*Asks:* 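So that we are looking at the same thing, I have put the structure below in C-alpha cells.
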Amino acid sequence: MTHEQKDRLRSVVVGIGSYLPNRIVSNQDLEKSLETTDEWIVQRTGITQRHIAADDERTSTLGLRAAEAALADAGLTGKDIDLIIVATSTPDYVFPSVATQIQAGLGMYHGAAFDVQAVCSGFVFGVATADKFLQSGSHKRALVIGAETFSRLLDWTDRTTCVLFGDGAGAIVLEAQASAGTVKDRGVLTSHLRSDGRHFDKLYVDGGPSATRSVGHLRMSGREVFRHAVGMVTDVMADAFAATGTGPADLDWFVPHQANRRIIDASAEKLGISPEKVVTTVQYHANTSAASIPLALAVACGDGRIKKGDLVMIEAMGGGFTWGSALIRW
Ligand code: UT7
C-alpha cells in the first residue's frame with residue numbers, strides 16, 4: 001500500500017448493536033432498601049431506572065450479545081473482523097481480557113483482541129485506538145465494544161453512588177474505506193483524548209489485585225467530578241471542531257456519555273448545541289460507563305434519528321480523570 005492510499009483510509013461505521021440485561025430496577029425499587037427517593041434521583045440525575053445483569057451474565061456475555069447484534073447489522077460475521085477492542089472497567093477476570101473471550105465467543109481464531117481501560121471514557125478511547133489501526137492500513141475491520149457490569153462494583157448501601165449506575169453493552173463495526181478525506185466523507189473525522197492522573201481519588205475503586213488483593217467498591221466525590229466534567233468535555237469537543245473546521249451548528253447529533261442529565265444539558269448549552277440534537281438515554285440506562293455511548297448510539301440509530309451521512313459528536317469523561325471526543329460522519 002502506498003503512503004498516498006494510506007492517507008485516504010477512513011474508519012467508517014458499518015454496523016451497530018447493543019444488549020441490555022432483562023432485569024430493570026426502578027428508583028422506586030431502590031427506595032425500599034435505601035434512604036433515597038425517586039424525586040431526588042430524577043431531579044439530580046435524570047435517571048428513572050437501570051438494567052442489572054443476572055447472576056449468570058458477565059461483562060463478556062453482554063459484550064458478546066452486543067457484538068453479535070452489530071455484526072448482524074453490518075451483514076458480517078466474525079470471519080470478516082480482524083480487530084476487537086473492548087472498553088471496560090469491569091472485566092470478568094483480571095485476565096485474560098474480555099476481548100479475547102468475545103473473540104472466542106464469535107468463533108474467531110485470527111486477528112487481535114484486547115481491552116482498553118479508561119473507565120467512562122473507554123468507548124471514546126476504543127474508537128480512537130481502532131481508528132488509528134484502521135487508518136494505518138494494518139487492520140481492515142474492527143469491533144469496538146463498550147461492556148460493563150458496574151452493579152458488581154457498587155456498594156449497595158452507599159446511596160451516593162449505587163443509584164447512579166447500570167449494566168449493559170454496545171458495539172460498532174468500523175471498516176477501513178478509501179476516502180476523499182473531506183469533512184463531508186463518511187467515517188471518524190477526528191478524535192481527541194486527554195487524561196490527568198492527579199484526580200485519582202475523586203472517582204476510583206478501592207480495591208485491586210496489586211493494592212488490596214480484592215475487587216473493592218466504586219467510590220466517588222460526585223460534586224467534585226461534576227465540577228470538572230463540563231469544562232473537560234467541552235474543551236475536547238472544541239478541539240474536535242477546530243481540527244475539522246466545523247462547529248456546533250454543523251452537528252446533526254450530540255451523543256454524550258450518559259452520567260447525569262444536568263452535565264449533558266450544561267455541556268450542550270455551553271457550546272450552543274440545540275437541545276433537539278442531544279441524544280439522552282441516561283433516564284433508562286443510568287450510567288453504564290464505557291457502554292453508555294454505544295447504547296445511546298444504538299437507540300438513536302434504531303429509532304431512525306441517526307442516519308447515514310449525519311455528523312455525530314461523541315464525548316465522555318470518567319475516572320482518572322480521562323476524557324475525550326470523537327467526531328464521526330455516520
Ligand atoms: O461517569 C462519570 C462519573 N460520574 C459522574 O459524572 C457523576 C458526577 N456527579 C453527579 O452526577 C452529582 O454530583 C451527583 C448526582 C452524584 C450528586 O448530585 P449533587 O447535586 O452534586 O448532590 P451532592 O453530592 O451535593 O449531595 C446533596 C445531598 C447531600 O445531603 P446533604 O449533605 O446536603 O445533607 C447528600 O447526602 O443529597 C444527599 N444525597 C442523597 N439523597 C437522597 C446523596 N445521594 C442521595 C440519594 N438520595 N441517593
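Because the structure is a prediction, the values reported are computed rather than measured. Whatever order the structure lists them in is the order used to number ligands and atoms, beginning at 1.
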*Asks:* Under 4.0 Å from atom 36 (O) of ligand 1, is there any protein heavy atom?
*Replies:* yes
*Asks:* What is the closest protein heavy atom to atom 8 (C) of ligand 1, and at what distance does it sit?
*Replies:*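 Among all protein heavy atoms, the one nearest atom 8 (C) of ligand 1 is G222 O, 3.7 Å.
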*Asks:* Out of all atoms in ligand 1, which are within 4.0 Å of some heavy atom of M317? Include the element for each.
*Replies:*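 Listed by number with element, the hits are 1 (O), 2 (C).
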*Asks:* In terms of side-chain heavy atoms, does Y19 have a donor or acceptor partner in E57 at a distance below 3.5 Å?
*Replies:* yes
*Asks:* Can you name the atoms of ligand 1, numbered from 1 with element, that are less than 4.0 Å from a heavy atom of M220?
*Replies:*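 Those atoms are 4 (N), 7 (C).
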*Asks:* Can you tell me how far apart CD (Q135) and OG (S179) are? Round to the nearest 0.5 Å.
*Replies:*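 Rounded to the nearest 0.5 Å, the CD-OG separation comes to 9.5 Å.
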*Asks:* For ligand 1, is any non-hydrogen atom under 4.0 Å from N260's backbone (N, CA, C, O), its side chain (CB onward), both, or neither?
*Replies:* side chain
*Asks:* Under the side-chain hydrogen bond (donor to acceptor under 3.5 Å, both in side chains) rule, what do E148 and T90 come out as? Steps first, then yes or no, please.
*Replies:* CA-CA 6 Å; E148 303 276 19; T90 45; 2.6 Å; yes
*Asks:* What residue and heavy atom of the protein are closest to atom 39 (N) of ligand 1, and at what distance?
*Replies:*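 That would be W40 CZ2, 3.4 Å.
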*Asks:* Among R223, E39, E35, which residue places a heavy atom closest to atom 26 (O) of ligand 1?
*Replies:*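 Checking each option, the heavy atom nearest atom 26 (O) of ligand 1 is found in R223.
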*Asks:* Would you confirm whether S221, through its side chain, and E224, through its main-chain N or O, come within 3.5 Å as a donor-acceptor pair?
*Replies:* no
*Asks:* Is L203 touching ligand 1 with its side chain, its backbone, both, or neither, if touching means heavy atoms under 4.0 Å apart?
*Replies:*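 Looking at L203 and ligand 1, just side chain atoms fall under 4.0 Å.
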*Asks:* Among protein heavy atoms, which lies nearest atom 12 (C) of ligand 1, and at what distance?
*Replies:* F226 CD1, 3.7 Å
*Asks:* Among all protein non-hydrogen atoms, which one is nearest to atom 22 (O) of ligand 1, and what is the separation to 0.1 Å?
*Replies:* R44 NH1, 3.3 Å
*Asks:* Regarding D310 and W253, is there a side-chain donor-to-acceptor distance under 3.5 Å anywhere?
*Replies:*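 Note: D310 and W253 side chains meet the donor-acceptor criterion.
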*Asks:* Distance only, no hydrogens: is a donor on one side chain within 3.5 Å (strictly under) of an acceptor on the other, for T322 and S195?
*Replies:*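 Note: T322 and S195 side chains miss the donor-acceptor criterion.
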*Asks:* Identify the closest protein heavy atom to atom 18 (O) of ligand 1: which residue and atom is it, and at what distance?
*Replies:*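 Heavy-atom neighbour on the protein nearest atom 18 (O) of ligand 1: R262 NH1, 3.8 Å.
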*Asks:* Which atom pair, heavy atoms only, marks the closest approach of A67 to L143?
*Replies:* CB-CD1, 3.9 Å
*Asks:* So which heavy atom in the protein is nearest atom 5 (C) of ligand 1, and how far is it from that ligand atom?
*Replies:*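 Here the closest protein heavy atom is V225 CG1, 3.8 Å.
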*Asks:* Number the atoms of ligand 1 from 1 as they appear, then name those within less than 4.0 Å of a heavy atom of C120, with their elements.
*Replies:* 1 (O), 2 (C)
*Asks:* Does some side-chain heavy atom of V119 sit less than 4.5 Å from a side-chain heavy atom of S289?
*Replies:*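 They are in contact (side-chain heavy atoms under 4.5 Å apart), so the answer is yes.
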*Asks:* Answer yes or no: is there an ion pair linking R65 with E68, defined by an N-O contact shorter than 4.0 Å?
*Replies:* no
*Asks:* Is the shortest N/O to N/O distance between T45 and ligand 1 below 3.5 Å?
*Replies:*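 There is no such contact.
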*Asks:* After noting the C-alpha distance and the side-chain angles of D92 and Q101, does the key distance pass the side-chain hydrogen bond (donor to acceptor under 3.5 Å, both in side chains) rule?
*Replies:* CA-CA 9 Å; D92 302 12; Q101 290 170 267; 3.2 Å; yes
*Asks:* Give me the residue, atom name and distance of the protein heavy atom closest to atom 30 (O) of ligand 1.
*Replies:*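 Protein heavy atom at minimum distance: R159 NH2, 4.5 Å.
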*Asks:* With a heavy-atom distance limit of 4.0 Å, tell me whether V163 approaches ligand 1 through its side chain, its backbone, both, or neither.
*Replies:* side chain
*Asks:* If you have a sec, work out which protein heavy atom is nearest atom 46 (C) of ligand 1 and how many Å separate them, to one decimal?
*Replies:* T36 OG1, 3.3 Å
*Asks:* Below 4.5 Å, heavy atoms only, C-beta onward: do H217 and L153 meet side chain to side chain?
*Replies:*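 No; the side chains remain at least 4.5 Å from each other.
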*Asks:* Please classify the L164 to ligand 1 contact at 4.0 Å (heavy-atom distances, strictly less than): side chain, backbone, both or neither.
*Replies:* side chain
*Asks:* Do any heavy atoms of I263 fall under 4.0 Å from ligand 1?
*Replies:* yes
*Asks:* Under 4.0 Å between a Lys/Arg side-chain N and an Asp/Glu carboxylate O for R219 and D155?
*Replies:* yes
*Asks:* Within 4.0 Å of atom 33 (O) of ligand 1 (strictly less), any protein heavy atom?
*Replies:*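 So far as the 4.0 Å threshold goes, atom 33 (O) of ligand 1 is out of reach of every protein heavy atom.
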